Amino acid sequence: MNDTRAIQTALENRRSIRAFKPDPVPEDLLAEILKAALEAPSWGNVQPYRVAIASGDQAIAIARELNAKFETATRVRKANLVTKLAALLKGGVKPDGDFNTVIKYPEELRARYRDTGMGLYGVLGIDRADTAARHAQMARNFSFFGAPTALFIFCEENLGAYGALDTGAFIQSLALAAQERGLGTCIQAALATWASPVRTRFDVPENYKLICGVSIGYPEDEPVNSFKPKRRALSELTLKAKA
Ligand SMILES: Cc1cc2nc3c(=O)[nH]c(=O)nc-3n(C[C@H](O)[C@H](O)[C@H](O)COP(=O)(O)O)c2cc1C
């Protein structure tokens, strides 16, 4: 029988995966997923995105470099002024990503961000006051949550917001195509904090900017993977017409 609600089911079942099995993603399967994602709509069909695929040793090397940067940046943030200046002069600490990944949320969005974070830590059994455990969880971003492959997504800069819009449609298509094939994904802005570990290893055109990473692999059977953060009510989504 034809599953006429396949898209509805896929949308409801897709979740960010934050615990992966180490099993590699077969190259042909990944190619199939990327090809499916290329069906996404884009402004003038220009498809203003490029993808750096990091697997195996390449993924391990990038993860190692990102983790080192994250640990150093955290240490420096907590250090005194002299240590901070010394680290800045030495270089490699400050984010060198193409976009700012540290967002100051407007009041309206802050509560939702906080609730999602608290919900996630709750499922992971991490106390809000346990800064070491929170730090360790944040650090897992840079090891792709154990995924064997990370996709680094670049977006053409001249299209401005429309390039990012197109890239978003591409990424969601990619996530759903992966899910249909038994794979999980986590879209991660954290992976765009530092661009140099990827730029030094891939031939990235200057006009393509690193917008995020996507960890991809087979999901572990862990509670964190079934965490389902709440969505807006429709009444909060739609705008009221002026009287
Ligand atoms: C642009 C973007 C950036 C994100 N960055 C991160 C990230 O750095 N780390 C992370 O764990 N999740 C990240 N996420 C996942 C979101 O937290 C997640 O999509 C949201 O909480 C909704 O949960 P769901 O994807 O499971 O439905 C990001 C998602 C998007 C779309």
Side-chain angles (χ1 to χ4, degrees), residues 7-20 37 40 48-49 51 54 62-63 66-67 69-70 73-74 95 97-106 109-126 133-147 149-155 161-180 183-195 197-198 209-217 219-233 236-237:
I7 293 172
Q8 180 68 28
T9 307
L11 289 169
E12 282 174 11
N13 290 348
R14 186 212 53 80
R15 292 281 73 83
S16 292
I17 295 304
R18 296 187 180 88
F20 291 91
Y49 17 82
V51 180
I62 293 174
L66 286 172
N67 270 289
K69 285 184 182 296
F70 177 63
T74 308
D98 299 319
F99 295 97
N100 177 25
T101 59
V102 183
I103 309 286
K104 188 167 172 3
Y105 296 91
L109 304 181
R110 202 172 301 149
R112 202 170 293 119
Y113 180 75
R114 196 190 47 230
D115 289 351
T116 302
M118 278 168 61
L120 183 62
Y121 287 131
V123 173
L124 288 163
I126 296 173
R134 287 175 63 173
H135 172 83
Q137 177 58 26
M138 181 62 200
R140 298 197 71 234
N141 270 282
F142 302 107
S143 302
F144 320 133
F145 298 112
T149 298
L151 307 175
F152 291 90
I153 315 285
F154 291 82
C155 167
Y162 291 99
L165 187 66
D166 293 348
T167 307
F170 172 76
I171 295 171
Q172 167 77 338
S173 304
L174 190 156
L176 294 175
Q179 174 176 305
E180 190 170 61
L183 290 158
T185 54
C186 191
I187 303 162
Q188 293 162 256
L191 294 181
T193 310
W194 290 278
V198 185
K209 304 297 175 194
L210 178 61
I211 193 158
C212 68
V214 179
S215 296
I216 183 164
E220 279 280 16
D221 190 11
E222 296 265 354
V224 69
N225 288 340
S226 44
F227 171 56
K228 186 169 175 159
K230 255 181 38 191
R231 292 319 203 243
R232 278 184 198 258
E236 291 178 303
L237 175 74

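Everything numeric here is computed off the predicted structure, so don't read it as measured data. The analysis underlying the following values was restricted to heavy atoms, covering all of them including side chains, and did not include hydrogens, waters or symmetry mates. Counting starts at 1 for both ligands and their atoms, in listed order.
The single protein non-hydrogen atom nearest to atom 19 (O) of ligand 1 is Ser16 OG, 3.4 Å, given as residue, atom name and distance. Here the heavy atom of the protein found nearest to atom 20 (C) of ligand 1 is Pro229 CG, 4.4 Å. Regarding atom 13 (C) of ligand 1, its nearest protein heavy-atom neighbour is Ile187 O, 3.0 Å.
For ligand 1, the polar-atom distance check against Arg231 finds a nitrogen or oxygen pair separated by under 3.5 Å. Inclusion of Ala189 in the set of residues having an N or O under 3.5 Å from an N or O of ligand 1 is warranted. Some N or O of Ala190 is nearer than 3.5 Å to an N or O of ligand 1, by distance alone.
Taking a 4.0 Å cut-off on heavy atoms, Arg14 registers as neighbouring ligand 1.
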For a quick test of your reading: what N or O donor-acceptor pairs under 3.5 Å do the side chains of residues 136-146 make, sequence neighbours left out?
| residue | atom | partner | partner atom | Å |
| --- | --- | --- | --- | --- |
| Arg140 | NH1 | Arg18 | O | 3.2 |
| Asn141 | OD1 | Gln188 | NE2 | 3.0 |
| Asn141 | ND2 | Met138 | O | 3.0 |
| Ser143 | OG | Asn67 | ND2 | 2.9 |

Atom pairs and distances, side-chain donor-acceptor, residues 161-180, under 3.5 Å, sequence neighbours left out:
| residue | atom | partner | partner atom | Å |
| --- | --- | --- | --- | --- |
| Asp166 | OD1 | Trp43 | N | 3.2 |
| Asp166 | OD2 | Trp43 | N | 3.0 |
| Thr167 | OG1 | Gly163 | O | 2.7 |
| Ser173 | OG | Ala169 | O | 2.7 |
| Gln179 | OE1 | Arg14 | N | 3.1 |
| Gln179 | NE2 | Ala10 | O | 2.9 |

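Interface atoms of ligand 1 facing Phe145, defined by a heavy-atom separation under 4.0 Å, are 11 (O). Residue-ligand proximity, Arg18 to ligand 1, at heavy-atom distances under 4.0 Å covers atoms 10 (C), 11 (O), 12 (N), 15 (C), 16 (C), 17 (O).
Atom OH of Tyr113 has 12 or fewer neighbouring heavy atoms from other residues, nucleotides or ligands inside a 6.0 Å radius.
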